[in-house]
Amino acid sequence: MAVRDPATEWVRVQTYRRMTPSERIDIAAQMYEDAIALVRSSILYRSPGIAPDDLEYEVRRRVLPRGLAELTEPMRRARG
């Protein structure tokens with residue numbers, strides 16, 4: 001874990017305290033979307049010919065808690 005400068009950390013905390021809850025949620029949502037895009041591009045880099053449904057399954061498998069993505073698999077197969 002990185003060591004943070006106490007003065008810089010104080011400025012960061014004060015900045016977040018001045019934000020509205022909505023602004024903080026927007027930041028978290030954007031971070032989540034960026035993470036999903038990073039995972040998706042990583043999968044596409046390793047498997048450029050992956051089918052779109054398989055790609056979405058792999059994204060879920062990597063992002064969701066262990067075992068949860070597998071619970072979605074029967075529904076995905078039923079859709080065809």
Side-chain angles (χ1 to χ4, degrees):
M1 181 184 265
V3 177
R4 294 183 173 169
D5 173 50
T8 303
E9 186 67 9
W10 187 86
V11 169
R12 185 183 67 81
V13 168
Q14 295 305 313
T15 300
Y16 284 127
R17 285 181 179 165
R18 283 191 300 272
M19 291 179 184
T20 66
S22 177
E23 290 172 320
R24 291 193 299 266
I25 288 172
D26 287 344
I27 290 171
Q30 186 59 58
M31 290 170 64
Y32 176 80
E33 292 298 323
D34 290 346
I36 296 297
L38 186 61
V39 168
R40 185 175 283 113
S41 67
S42 172
I43 294 166
L44 285 170
Y45 179 78
R46 291 187 178 103
S47 304
I50 192 168
D53 279 353
D54 293 336
L55 173 61
E56 293 310 311
Y57 170 73
E58 286 300 319
V59 169
R60 284 193 307 275
R61 192 176 70 77
R62 291 183 171 124
V63 173
L64 295 174
R66 186 179 309 251
L68 191 57
E70 286 75 15
L71 295 176
T72 68
E73 188 62 11
M75 292 174 74
R76 184 175 79 95
R77 289 186 186 180
R79 278 194 329 226

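Under a hydrophobic clustering in which Ile, Leu, Val, Met, Phe, Trp and Tyr are joined whenever their side-chain heavy atoms come within less than 4.5 Å, directly or via other members, L55 and V39 fall into the same cluster. No path of Ile, Leu, Val, Met, Phe, Trp and Tyr side chains, each step under 4.5 Å between heavy atoms, connects W10 with M19, placing them in separate hydrophobic clusters. Following chains of ILVMFWY side-chain contacts shorter than 4.5 Å, one cannot reach L68 starting from I36, and the two form parts of different hydrophobic clusters. Transitive grouping of hydrophobic side chains (ILVMFWY, heavy atoms separated by less than 4.5 Å) keeps V63 and Y57 in distinct clusters. No continuous path of hydrophobic side-chain contacts links Y45 to I43 [ILVMFWY only; heavy atoms under 4.5 Å].
In terms of the side chain to side chain contact (heavy atoms under 4.5 Å, CB included) criterion, R66 has no residue partners (sequence neighbours excluded). Shown here are the salt bridge (Lys or Arg N to Asp or Glu O under 4.0 Å) partners of R61, two or more places apart in sequence or in another chain: E58. Legend: residues meeting side-chain hydrogen bond (donor to acceptor under 3.5 Å, both in side chains) with R40, ordered by chain and number and at least two apart, are E56.
With hydrogens and angles ignored, the 3.5 Å screen pairs no side-chain donor or acceptor of S42 with any backbone N or O of L38.
Residues R4 and E9 share a closest heavy-atom pair of CD-OE1, 3.0 Å. Minimum interatomic distance between A69 and T72 (heavy atoms only, all atoms of both residues): O-OG1, 2.5 Å.
To the nearest 0.5 Å, atoms CZ (R24) and CZ (R17) are separated by 10.0 Å. Remark: D26 CG to E23 CD distance equals 7.5 Å, nearest 0.5 Å.
Side chains of D34 and Q30: a donor-acceptor N/O pair is present below 3.5 angstrom, by distance only.
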